[in-house]
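Worksheet: one structure, shown below.
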Amino acid sequence: MSRKTNIIMPTDEEDARINQGIALDRDNPEITEADFQAMRPAVEVAPALAKARRVRGPQKAATKRSVSLRLDQDVLEKFKSTGPGWQTRINEALRRATSAH
């Protein structure tokens with residue numbers, strides 16, 4: 001299952017209308033160079049939040065188990081080179097291999 005999306009770029013006319021809408025939005029103005037210069041790292045602004053450990057919430061139904069698996073370097077590189085979702089693709093390849101036997 002591919003997770004790649006087809007990105008359709010706006011035309012020049014559409015882009016101009018989008019930028020006009022951004023310029024007119026007083027509640028969410030476009031960030032300026034001065035805004036970027038005034039920004040500070042999250043660890044300075046909200047240290048407790050920045051240091052909080054982020055964990056994935058509980059699964060509704062445990063369907064997978066975490067394992068340690070040693071793979072040949074070339075096999076691992078081949079799957080990783082396909083981009084995000086490479087671990088899922090390894091799982092799918094293993095599933096196909098087990099159903100074939």
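Numbers here are sequence positions counted from 1.
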Notebook entry, point to check: Are more than 12 heavy atoms from other residues, nucleotides or ligands located less than 6.0 Å from atom CD1 of I8?
Noted result: no
Item checked: E44, CD: over 12 other non-hydrogen atoms inside 6.0 angstrom ->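 Above 12, so yes.
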Straight-line distance of [X] [atom1] to [Y] [atom2], nearest 0.5 Å:
X: K78; Y: Q73; atom1: NZ; atom2: CD; result: 14.5 Å
X: S81; Y: D74; atom1: OG; atom2: CG; result: 11.0 Å
X: L76; Y: R70; atom1: CG; atom2: CZ; result: 12.5 Å
X: F79; Y: N91; atom1: CZ; atom2: CG; result: 10.0 Å
X: R95; Y: R89; atom1: CZ; atom2: CZ; result: 15.5 Å
X: L94; Y: L69; atom1: CG; atom2: CG; result: 7.0 Å

[Y] and [X], any side-chain heavy atoms less than 4.5 Å apart:
X: E14; Y: T11; result: yes
X: M9; Y: D15; result: no
X: I90; Y: L71; result: yes

Checklist line | Co-membership, hydrophobic cluster, residues M39 and V43, 4.5 Å side-chain | finding: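 As far as the 4.5 Å side-chain criterion goes, V43 and M39 are not connected within one cluster.
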Next item on the list: Spell out, as yes or no, whether a donor-acceptor pair under 3.5 Å connects the side chain of D72 to the backbone of V75.
Entry: no
